[in-house]
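Structure first, commentary second.
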Amino acid sequence: MKVSVVGTGYVGLTTGASLAYLGHQVTCIDLDPKKIEMLRAGRSPIFEPFLEDLLAAASANLTFTTEYADGVPNADVVFVAVQTPSLPDGNPDLRFLRSAAESVGQHVAGDYTVVVNKSTVPIGSGNWVDAILRDAYEERHGASADGRLGVASNPEFLREGSAIGDTLYPDRIVIGSDDDRSLEVLTRLYRTVLDQSFTAPAFLPRPDDLGAVPLVSTDLASAELIKYAANAFLALKISYINEIGYLAGKVGADITKVARGTGLDSRIGSRFLQPGVGWGGSCFGKDTAALISTAAEYNYDMPIVRAAREVNERQRGAVVDRLLDELRIIKGRRIGVLGLAFKPNTDDLRDAPAIDIARTLVARGARPKLHDPVAAERFRREQPDLAEYLCDSAEDVFDGVDAIILVTEWSHYLELDWAKLMGMMRTPIVLDGRYALDRARLEKSGYRYLSMTN
Ligand code: UGA
């Protein structure tokens, strides 16, 4: 099938490259000529494991362009995957989506095109996009768009850092439309993912236990709500275990064991019960805020979702408080921070806990030493006022510090020679913000090991 993808961020690029790998003819459109130039040269503008391998494997079916006219006119399916950043009131900013929908509406010219929203948009946006598309189509073509256009929602569940695996081997595919023909086209588009009949790439083999992938085919509003309900639930699962974690610290329980013992109940599930400094990234914060704000339009309060956000915010402050308890005085201290990206295997710094932690340290008169194996350059550009605290290597961070905080559990940090590096520290205190280090081994080497709770 002919597919066009508007926007080459994490979602757009992964979707485009995966569909091309599966054999569809894909055109990726982005208005940024620098990104398109990089992609034409086979390089990815974002850091995502296996993305460049996938781009190379799919290159025969992939075209990159800055022009809607190159990809949209004959497409069977157009994915819109543009950014929808948060506005100050919690609602997403839909300007990019509006202008993409207008351009798509002007350029579609095939017999029947399904326009799919991949961006996470407030519930009801499908109808809004439908109206924009139709107006743009009718203005350009001087004819009704009836029977020519369908609008669908196909929420994305990929995680940064494991985007390709999540796309080729998903837990489920959700498609929503009020138009049966659109649902039929999308079912055809995903056929080989649904029955897992494609040849798995050598660099990312199919998981052994994966069978057929379930399809949830529904109306527009339900598909849109599924995305929010899933993200808010994951966010609250993490906040829940962090809330229990605080109590675990007080009563002398081990939260990692509590999480394991709780999560092994198959009704609960052990994933997303990893305690620590809490969630960051571009999705959980934005989507929980949007959910609350949509509900408010219906005069409805969502106390559970609000609480998940409050607990998450509290976790970031708790990191510095935990150090304060130990060091007594934080002013004038040098504190190493390992990890800046909001999680390992990505260079994404959006809503990263490390940024708040570094700012709190500076505000309290400490001098942080910051490091990330991949996101440091991006950090320098995006947080220029904190750039002076960056170190060139993880080893540099240990030099002369009063304590180290592990904020992002990159494997690079877990594999350091901690015993050797201890000699460079002023005091060998480590605060493991992710319960990722080997406590017994560190204590044996002479470290004073602190977790978020005990
Ligand atoms: C999240 C969802 O997991 C995806 O399903 C969804 O498609 C995506 O948002 C989106 O809406 O686009 P992502 O934000 O990329 O994906 O990353 P996650 O792996 O979900 O991690 C989010 C944050 O939670 C990270 O800061 C991570 O460190 C933290 N986390 C995760 C925990 O603190 N504990 C856990 O047990 C798991």
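Given the structure is predicted, the values throughout are model-derived calculations rather than measurements. Counting begins at 1 with the first residue of the sequence. Each ligand, and each atom within it, is numbered from 1 in the order the structure gives. Scope of the values below: all heavy atoms of this structure, side chains included, with no hydrogens, waters or symmetry mates.
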With a sphere of 6.0 Å drawn around CZ of Phe203, does it hold more than 12 non-hydrogen atoms of other residues, nucleotides or ligands? yes
With sequence neighbours left out, what residues match Glu160 under salt bridge (Lys or Arg N to Asp or Glu O under 4.0 Å)? Arg350
Sub-3.5 Å donor-acceptor pair from the side chain of Ser270 to the main-chain atoms of Arg260, do we have one? no
Using a 3.5 Å distance criterion without hydrogens, assess whether the side chain of Asn61 forms a donor-acceptor pair with backbone atoms of Ala20. yes
Less than 3.5 Å apart, any donor N or O on the side chain of Tyr413 or Thr408 sitting next to an acceptor on the other? no
Using a strict cut-off of less than 4.0 Å between a Lys/Arg side-chain nitrogen and an Asp/Glu carboxylate oxygen, indicate whether Asp385 and Arg359 qualify as a salt bridge. yes
Near ligand 1 (heavy atom, under 4.0 angstrom), the protein residues are Glu156, Phe157, Leu158, Arg159, Glu160, Lys227, Asn231, Leu234, Ile238, Phe272, Leu273, Gln274, Gly278, Trp279, Gly280, Cys283, Phe284, Asp287, Phe342, Lys343, Arg434
